[in-house]
Amino acid sequence: MTSRSGRFKHLKQNGEMLLMTLPALLKIFIFSYIPIVGVIIAFKRFVPSKGIFHSPWNGLDNFEFFFKSQAAWTVLRNTIGLNLLMILIGTVVNVALAFLLYEVVNRTRLKAYQTVLFIPYFFSWVLVGLMLTSLLSPTSGLLTDLLHRVFGMEINFYANPSSWIWILTVVSVWKGAGFGSLIYYSVLMNIDRELFEAAEIDGASRLQTIWRVMLPFLIPMISVLTILALGNIIRADFGLFYFVPQNQSQLYPVTDVIDTYVYRALAKNGDFSMSAAIGLFQSVVGLVLILCTNKVAKSVNKDYSLF
Amino acid sequence: MPQPKAYAFIVNAILTVICFISLFPLVMTIMISITDTKDLASFGYSLIPRHFSLDAYVYLFKVPTDIINGYRNSLIITVVGTVVNLFITALVAYPLSRRDFRYRGIVSGFIFLTMIFNGGLVPLYILIVKYLEWKNTLTAIIVPALALPFNIFLLRVLFQDIPPALTEAAKIDGSSDWGTFFRIILPLSKPAMATLALISALGYWNEAFAPILFIDETKKYPIQLVLNNIVSAVNFIKKGNVMPGSVQAIDPNSVPSDSIMFAMMVIATLPMVFLFTYLQKYFIKGLTVGAIKG
């Protein structure tokens with residue numbers, strides 16, 4: 001039990017440090033905690049002139065309106081499906097790249113590879129979208145042109161939604177490969193090289209060493225990153241899904257995700273209430289997912305969990 | 001590991017191909033931006049310019065309003081945002097890295113909760129537009145991205161690498177916590193601060209979501225929105241119209257319209273690529289430590 005004066009002593013001792021945390025805590029309070037009160041809009045028919053608190057209640061109408069719409073199924077499927085695909089392929093590519101990089105002994109070469117792989121990480125999604133147009137545009141794209149000349153194919157990617165499942169996945173993996181592989185690479189770097197050499201001396205082939213000896217060292221990191229990603233599976237990277245397909249409406253059947261849908265409902269149609277309802281749904285599902293994935297991780301191995 | 005020659009060759013060959021794929025779009029963009037516009041019209045895009053020309057860059061700086069504005073806005077956002085962010089993030093991360101800070105748990109929890117739950121986009125939008133009245137201000141882009149939980153926890157992990165003995169020694173010498181922070185922690189944390197500076201600057205420079213939500217005045221556009229609208233602007237010029245916002249008519253034949261877009265893409269991207277190569281040493285170390293220990 002802390003007495004009153006004891007508590008005061010703690011405050012005094014920690015006062016300076018408490019003061020240091022103040023600017024950040026104030027910002028977080030205003031921009032992350034106060035908006036939580038605003039979720040009541042999801043249960044109201046929001047009238048801008050009346051404000052949040054004086055708009056009339058309408059129960060679950062906003063949720064009903066969204067979930068009964070055709071779009072609900074599409075955007076949920078796209079968000080979760082594409083996220084899963086990107087997590088899966090991204091992990092495989094990043095781990096494979098880390099193994100490849102680990103084999104490079106020449107320091108200068110290694111540095112060069114890592115730098116080049118990292119460069120796309122620094123591109124904005126707007127830029128990526130524009131670059132992609134110059135590759136895929138039906139009239140002048142370099143890739144469409146090549147496909148036409150070599151294989152005689154006439155493809156208009158911008159009129160073919162299903163091809164965007166793979167285009168978006170490739171773009172996402174391409175942009176994240178430098179960062180993703182670096183993480184796995186540094187895990188490998190922290191392990192004594194002699195361990196892997198010992199396996200080879202015992203007669204294991206290079207692939208066996210990679211599969212049986214090196215991969216197990218990566219499993220904890222793979223688990224942690226996958227858990228993190230699964231916890232966020234209901235959220236999509238707005239930039240990737242909005243700027244990369246350049247908001248082309250004929251591609252919505254594949255490229256429209258919760259975040260782009262909410263943005264359009266809010267900014268283009270001014271539908272505050274329904275957007276708020278979808279946003280709240282997304283937040284609640286996200287919370288549940290994080291708690292669940294974390295629990296699963298904890299039960300498998302305590303080191304895998306986040307909290 | 002023993003390296004048979006053929007094996008090393010295969011590894012290097014695969015990595016070279018992958019690096020080529022990684023870099024190809026940027027090389028293509030640069031090459032098209034320096035291709036003579038007549039060649040582009042008659043032969044389409046190609047990787048090796050038949051005739052080299054800097055017309056697009058010259059044109060961009062001759063009729064500059066949108067681009068210069070965008071550049072200036074993005075510079076303000078990035079510099080102000082990064083400096084303020086470094087300061088308040090380091091200020092909160094430092095006490096959190098100290099074992100003797102009594103409120104460590106509560107403060108961490110308060111920050112952590114916002115990582116796993118938030119009110120969604122709409123309440124934040126209403127707060128910023130209706131209550132703070134920040135529509136069409138750069139503040140609306142800078143402030144919400146300050147003191148992000150991920151950055152705070154990253155910096156906390158990096159600060160924990162500083163031996164506690166140093167802080168304790170300073171305390172015995174009569175240094176206040178603020179004094180220790182400015183005289184010992186910050187000077188010792190250059191790699192950590194460089195990492196955060198790069199992450200923060202990158203985020204601000206490339207940010208396009210907050211701008212399309214909060215900014216609709218063209219002259220307040222950051223560079224990414226200028227870029228996002230350049231396609232329509234270029235198409236506009238191509239059709240023989242004038243650039244939106246400019247008064248005198250422009251002869252469409254004198255405009256290197258095709259290469260302009262690519263020149264703009266290059267101009268908008270190179271600052272980040274240079275910053276990365278300059279800070280790379282710190283960045284890679286900082287991020288991997290953060291990822292592994294965090």
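Here is how names work: the chains are called A, B, and so on, in the same order as the sequence lines, proteins then strands, and each is numbered from 1.
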*Answer yes if the ring centres of A/Phe196 and A/Tyr102 are under 6.0 angstrom apart, and no otherwise.*
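A/Phe196 vs A/Tyr102: aromatic centres under 6.0 Å.
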Under 4.5 Å from a heavy atom of chain B, the part of [X] involved:
X: A/Ile52; answer: both
X: A/Leu225; answer: neither
X: A/Tyr242; answer: side chain
X: A/Phe122; answer: both
X: A/Tyr185; answer: neither
X: A/Phe99; answer: neither
X: A/Ile41; answer: side chain
X: A/Phe123; answer: both
X: A/Val284; answer: both

[X] versus chain A, the contacting section by heavy-atom distance below 4.5 Å:
X: B/Leu15; value: both
X: B/Leu124; value: both
X: B/Thr277; value: side chain
X: B/Ala268; value: neither
X: B/Ile128; value: side chain
X: B/Leu96; value: neither
X: B/Leu275; value: neither
X: B/Gln224; value: both

*Tell me, out of B/Val273, B/Thr29, B/Ile126, B/Leu121, who's got the most heavy-atom pairs with chain A below 4.5 Å.*
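Looking at each of B/Val273, B/Thr29, B/Ile126, B/Leu121 in turn, B/Ile126 comes out on top.
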*Looking at OG of A/Ser124 and CG of B/Asn206, how far apart are the two atoms once the value is rounded to the nearest 0.5 Å?*
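Output value for this atom pair is 4.5 Å.
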